[in-house]
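The block underneath contains the structure these notes are about, expressed in structure tokens.
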Amino acid sequence: MQAGGFIARRLRVKEKMAVVAIAISFFVIIVAVAISAGFRREIRGGVSAITGDVLLTGPSADLTGGADPVRTPARLQELAGVRGVERIEPVIYSAGILKIGDDIQGALFKGTAADTVSMGVRIPATLAKRFGLQAGDDLTAWFVGEKTKVRKWHVLSVYESPMATEAGQLLYVPIGDLRRLHEWAEDEASLLEVSLDPRFRDRTALAERTAELGWRATSLAGADEDPLRAVAATQRFPQLFDWLDLIDFNVYAILLLMTVVAGFNMISGLLILLFRHVSTIGTLKTLGMGDRAVAGVFLRVGARTAAIGMAAGNALALLFCLVQGTTHWIKLNPENYFVSSVPVHVDLPGVLVADAAAFLGILLLLLIPTLFISRVDPARTVKAE
């Protein structure tokens, strides 16, 4: 082992293109992993900010509630004690019609406890831009039901939606204003929104939390309370989560492709090294070193070269992520990608797994050129020297 390491330190792959190719491959791999993690973080966080991760609704209500309200469970604190739950809050959704000038548009109002200014409304930037609204303006909305009601709202602020989806075009108002609009009691709401810890927002963990919340909501319901139904955000936004799964699949494809590209570049570099040192291989065999030991020497050289390329690629990728995460200089069309710039998030465990998988794949591919060593006849090579 010591002799092999001594010899390997004095050999090196002189083909710089092999190192460059490996660095580029690892750069692409780490950037792809960071962008995938960034999309997951932004979109799952955006869904949670807009509608919560789990919805507790009435048995027959849709995903924004129904005409009949649900009552806040008397034992709400026991629901809030489920592992991973950060908060549970009642909300009221109410569809309305806006008329601003000659333009008419449907709108979805959301009443929350966080909004406290009576008859004040926070509107999305897209709506403000379309109608030329700003903080301090007034807007009128019609709410159609058994009888039509009209309310005049005062624009408190304009907010940027975390996601460019229809659910992101909500008008936020105090929950008390919508309770009075619908003539509901203080403990009634359209539904309850549950926000989870970010660690529980992937599909598997979200499904587990949803099942437990649904079971607990049913078991804790009193005799005079309707059991609540738990619905995961994946059911409200299936297209978003399917799209995230597609991004993850693309990352796996990139990981495989870049590993193969880097591996074959290393194969060419190692083959050149082997051809240049045929006499060295013959001499080592003459001195009693077996094929495996000789192969180990050249594999160490290849591994060292791959490690140098991996380190360079990782450094460049992390620099790119730092610049993109700080400046957001690469923009996206939010109508197609749901976010306005390429999101990046350095998920250290994911980066380490990608590095380890790619590096191991390259080493496995390097076993191919070492088969040449068994074909070297020391008698012929040493005699030729």
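What you see below is based on every heavy atom in this structure, not just the backbone, and it leaves out hydrogens, waters and symmetry mates. Not measured: the values here are computed from a predicted model.
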Exercise for the section: Evaluate whether atom CZ of F200 has more than 12 neighbouring non-hydrogen atoms of other residues, nucleotides or ligands under 6.0 angstrom away. Expected result: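 Yes, CZ of F200 has more than 12 neighbouring heavy atoms, counting only those of other groups under 6.0 Å.
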
Problem - Greater than 12 external heavy atoms within 6.0 Å of R203's CZ - result: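 Count over threshold, so yes.
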
Practice task
Quick one: list whatever passes ring-ring contact (aromatic ring centres under 6.0 Å, His included) with H345, sequence neighbours left out.
Solution key: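 Partners of H345 by the ring-ring contact (aromatic ring centres under 6.0 Å, His included) criterion come out as none, since no residue qualifies.
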
Handout entry: ring-ring contact (aromatic ring centres under 6.0 Å, His included) against W215, all qualifying residues, sequence neighbours excluded
Key =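 Partners of W215 by the ring-ring contact (aromatic ring centres under 6.0 Å, His included) criterion come out as none, since no residue qualifies.
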
Exercise for the section: Return each pair, listed once, that meets side chain to side chain donor-acceptor pair (under 3.5 Å) where at least one residue sits in residues 306-320; pairs must be two or more places apart or across chains. Expected result: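 Output for this query lists N314-D355.
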
Handout entry: Pair listing, side chain to side chain donor-acceptor pair (under 3.5 Å) test, anchored in residues 17-36, at least two apart
Key =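 Qualifying pairs, neighbours excluded: S36-R40, S36-D248.
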
Using side chain to side chain contact (heavy atoms under 4.5 Å, CB included) as the criterion, list what pairs up with [X], not counting sequence neighbours.
X    : answer
L319 : V323
A307 : F359
N265 : A21, V261

Is it true that a side-chain atom of [X] and a backbone atom of [Y] form a donor plus acceptor pair closer than 3.5 Å?
X    : Y    : result
E160 : P124 : no
E212 : R209 : no
D347 : A37  : no
K149 : L181 : yes

Nearest-0.5 Å distance, [atom1] of residue [X] to [atom2] of residue [Y]:
X    : Y    : atom1 : atom2 : value
I92  : R180 : CD1   : CZ    : 10.0 Å
N250 : D245 : CG    : CG    : 11.0 Å
T140 : L98  : OG1   : CG    : 9.0 Å
L246 : F39  : CG    : CZ    : 11.5 Å
H328 : S340 : NE2   : OG    : 8.0 Å
F241 : R44  : CZ    : CZ    : 6.5 Å

Handout entry: Distance-only polar pair, side chains of S48 and D53, donor-acceptor under 3.5 Å
Key =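 S48 vs D53: donor-acceptor pair found between side chains.
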
Practice task
Can you sort out the partners of D138 under side chain to side chain donor-acceptor pair (under 3.5 Å), two or more places apart, ordered by chain and number?
Solution key: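 Once residues adjacent in sequence are excluded, the partners of D138 under the side chain to side chain donor-acceptor pair (under 3.5 Å) criterion are H154.
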
Which residues satisfy the salt bridge (Lys or Arg N to Asp or Glu O under 4.0 Å) test with [X], sequence neighbours excluded?
X    : answer
E86  : none
D197 : R199
K129 : none

Handout entry: For P174 against G120, the heavy-atom pair lying closest together
Key =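 Smallest heavy-atom distance, with atoms named: CD-O, 3.3 Å.
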
Practice task
Please report the closest heavy-atom contact between G58 and V70, naming both atoms and the distance.
Solution key: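 Shortest heavy-atom contact: N-CG1, 3.4 Å.
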
Exercise for the section: Cation-pi check, R179 to Y93: give yes when NZ or CZ is under 6.0 Å from the six-membered ring centre and within 45° of the ring axis, no otherwise. Expected result: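 Cation-pi check for R179 and Y93: fails.
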
Handout entry: Option from L192, T234, V85, L196 for which side-chain contact (heavy atoms from CB on, under 4.5 Å) with V54 holds
Key =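 Passing option: L196.
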
Exercise for the section: Using the ring pair (Phe, Tyr, Trp, His ring centres under 6.0 Å) rule, collect all pairs that involve residues 103-128, keeping only residues at least two apart or in two chains. Expected result: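 For residues 103-128: F109-F143, F109-W153.
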
